[in-house]
Amino acid sequence: MYIKKLNKLLTEKEISCKELTEIYIEKLEALDKSISAFITITKDEALKKANETDEKIAQGQAIGLLDGIPMTLKDNISTKGILTTAASKMLENYIPPYSATVFNKLSKSVLLGKVNLDEFAMGTSTETSYFYNTKNPWDLNRVPGGSSGGSVASIAADLAVFSLGSDTGGSIRQPAAFCGVVGMKPTYGLVSRYGVFSLASSLDQVGPVTKTVEDSAHVLSAILGHDSLDSTSSNIDKLDYNMALLQDLKGMRIGIAKEFLPKEINPTVKKAFNKSVELLESLGAKIIEISLPHMDLGLTVYSIIAYCEAASNLARYDGVRFGMSLDESLDTVTEARAKGFGQEVKRRIMLGTFFLQGGNYKKYYEQAKSVQGLIISDFQRAFAQCDCILSPTTLDTAFESGKEIEPHLMALNDLLTIPVNLAGLPAMSIPCGFDSNGLPIGLQIIANKYEEGKMFTTGHNYQIHTDFHLQKPKIVEGGIIDGF
């Protein structure tokens, strides 16, 4: 809705791209002092791109749906000539010589800036960033979630129209639930990971953050597709989700699993979820009870696999091949890693290294991969019975920032999203209510591999009949322009 309307305003010359960009820059420069979503504001590049779009329109040339649309990028996505830090001291001054494939595909959109994240995408609150903590626009004393906290905060606060994040265990969907926006993780391999800093290579995936399901479908359509530069990229034709947005829910089979409603869940979250199920049923969907018996093992399996892959991927940051360099040091590698990485990154590297050592490899990593197979089989049996699976996105709403939480308890925030990554499935979080403190609640929709269209159909029909996605935080006074 937002992207199409802005495209119409631009093509009909009701507003110039330069005017639109200046409005967003003015607002983000004022509001981001409170939210701290941005690491780098790319004002000059944004205005240059806006002028290029205006020239095309003035010459009567057709522009694409996303041309000239203001966006932000998670700062672990490489942008040629633009600072890319992964929110780490290790890459504090790193300017990439190349751009990620996803950024190249959005080269005609207007990049407003690179946004904050947990260091190297390790965390669930955007509090492990080297630079500063990002705040939740709905309550500045709460976390926005993580690791894509900067991406979702920039959208929740109307500081951009869309953003890209990365999702390894829920890093787009969990913060999307905490901040009341739409966060989507595509099927593994559908979107190129080339130029995106790897955390866990077998689980990472780039996805859009938007205000609506419709906008999410437009952004995904623009960034998906095979990439010869990414060996894990799917060899799949270009997909268009416009038809999926036009379909209703009659005949749609939606699965509900009791394993996604554990006893630890906040009763308010559970109530919002149950109401959402009732609404979808009233719109014609058929609700089916399913079972996913190995979901409770997901967190343990994820921790072993993700930490092992992170330890391997981050080995390149040694101050010699990559990362900060300490020229005067006699032990450059040790010094660079000790001073360049934060505590959470070091913790995960140490645990990953332990899991991979000698006999530990069979004891931990191989067993984890075996259980991952059981989780994949659970989903395969479920999707033989239903088209989509519904669950809450998180067990609770956003927690207070600065709260001392044990790392393994912090990871519980991703309990309901992690199994999706282990199975390589697509899923999205959409707003489905608010708790008594006015904090957003997220609804997770999971589909089978390459069936993102069914997910968009379900989510879009839900948003047609609800207004949770239209609510704005108090810090956002009015819209950017009429209707936004």
Side-chain angles (χ1 to χ4, degrees), residues 74 76 85-91 117-130 146-148 166-171 174 188 193 196-205 231-232 297-324 331-376 405-415 417-424:
K74 188 173 181 177
N76 61 349
T85 69
S88 177
K89 185 178 182 181
M90 180 66 82
L91 296 174
L117 64 151
D118 283 305
E119 184 180 6
F120 280 104
M122 296 186 192
T124 58
S125 63
T126 312
E127 291 180 301
T128 71
S129 168
Y130 166 65
S147 63
S148 304
S166 64
D167 191 315
T168 305
S171 292
Q174 183 252 31
Y188 182 79
R193 295 187 300 110
V196 181
F197 298 160
S198 295
L199 168 54
S201 304
S202 71
L203 306 173
D204 298 339
Q205 191 68 155
S231 62
T232 64
L297 301 175
L299 185 55
T300 302
V301 170
Y302 169 84
S303 297
I304 295 171
I305 294 174
Y307 293 0
C308 288
E309 294 186 11
S312 176
N313 281 323
L314 268 62
R316 76 190 71 174
Y317 299 98
D318 54 11
V320 179
R321 292 170 293 177
F322 242 111
M324 62 184 291
D331 193 353
T332 302
V333 173
T334 303
E335 287 285 319
R337 291 172 69 81
K339 294 184 177 179
F341 288 138
Q343 291 302 311
E344 180 63 21
V345 173
K346 290 176 187 172
R347 187 182 74 85
R348 296 194 189 200
I349 289 175
M350 289 176 66
L351 283 169
T353 303
F354 170 77
F355 291 140
L356 291 171
Q357 275 182 338
N360 289 345
Y361 180 83
K362 281 192 173 182
K363 186 177 179 182
Y364 295 105
Y365 188 76
E366 285 192 353
Q367 284 213 38
K369 295 297 287 184
S370 296
V371 179
Q372 182 184 16
L374 297 176
I375 292 172
I376 293 171
I405 303 176
E406 289 291 325
H408 70 284
L409 294 176
M410 182 77 84
L412 285 175
N413 289 292
D414 293 338
L415 184 70
T417 54
I418 279 172
V420 171
N421 297 74
L422 292 171

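Within the model, atoms OH of Tyr317 and CZ of Arg337 stand 10.5 Å from one another, a figure rounded to the nearest 0.5 Å. Interatomic distance, CD of Gln372 versus CD1 of Ile375, reported as 7.0 Å (0.5 Å rounding). The CG atom of Leu314 sits 11.0 Å away from atom CZ of Arg348, with the distance rounded to the nearest 0.5 Å. Taken from CG in Leu297 to CD1 in Ile418, the straight-line distance is 12.0 Å, to the nearest 0.5 Å. Here the OG atom belonging to Ser148 is positioned 7.0 Å from the CG atom belonging to Asn76, to the nearest 0.5 angstrom. Distance check, rounded to the nearest 0.5 Å: OG of Ser303 to CG of Leu351 gives 8.5 Å.
Arg193 approaches Ser198 most closely through the heavy-atom pair NH1-OG, 3.6 Å. Counting all heavy atoms, side chain and backbone alike, Ser171 lies closest to Ser166 at CB-O, 3.2 Å. Taking all atoms of both residues into account, the shortest heavy-atom contact from Ser202 to Glu309 is OG-OE2, 2.7 Å. Listed here is the closest heavy atom pair of Leu203 and Ala306: CD1-CB, 4.2 Å. Between Thr417 and Asn421, the closest heavy-atom pair is O-OD1, 3.2 Å. Annotation for Thr128 and Met122: closest pair OG1-O, 3.0 Å, computed over non-hydrogen atoms.
Although no hydrogens or angles enter the test, the distance criterion places a donor-acceptor pair under 3.5 Å between the side chain of Asp118 and the main chain of Glu127. With hydrogens and angles disregarded, a donor-acceptor distance shorter than 3.5 Å links the side chain of Gln174 to the backbone of Thr124. With hydrogens and angles disregarded, a donor-acceptor distance shorter than 3.5 Å links the side chain of Lys346 to the backbone of Ala338. A donor-acceptor pair under 3.5 Å is absent between the side-chain atoms of Ser312 and the main chain of Cys308, judged by distance alone.
Using a 4.5 Å cut-off on side-chain heavy atoms (C-beta onward), Gln367 and Ile304 make no contact. Counting heavy atoms from C-beta outward, Asp204 and Val196 have side chains that stay 4.5 Å or more apart. Counting heavy atoms from C-beta outward, Thr85 and Tyr130 have side chains that stay 4.5 Å or more apart.
Look at Glu344 and Arg347 and you find a salt bridge, because one of the NZ, NE, NH1 or NH2 atoms lies within 4.0 Å of a carboxylate O, short of that distance.
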- Check the pair Ile305 / Phe355 against side chain to side chain contact (heavy atoms under 4.5 Å, CB included), numbers first and verdict last. CA-CA 9 Å; Ile305 294 174; Phe355 291 140; over 6 Å; no
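Using a 30° and 60° split on the angle between ring planes, Phe341 and Phe120 fall in the perpendicular class, above 60°.
A distance below 6.0 Å separates the ring centres of Tyr364 and Phe354.
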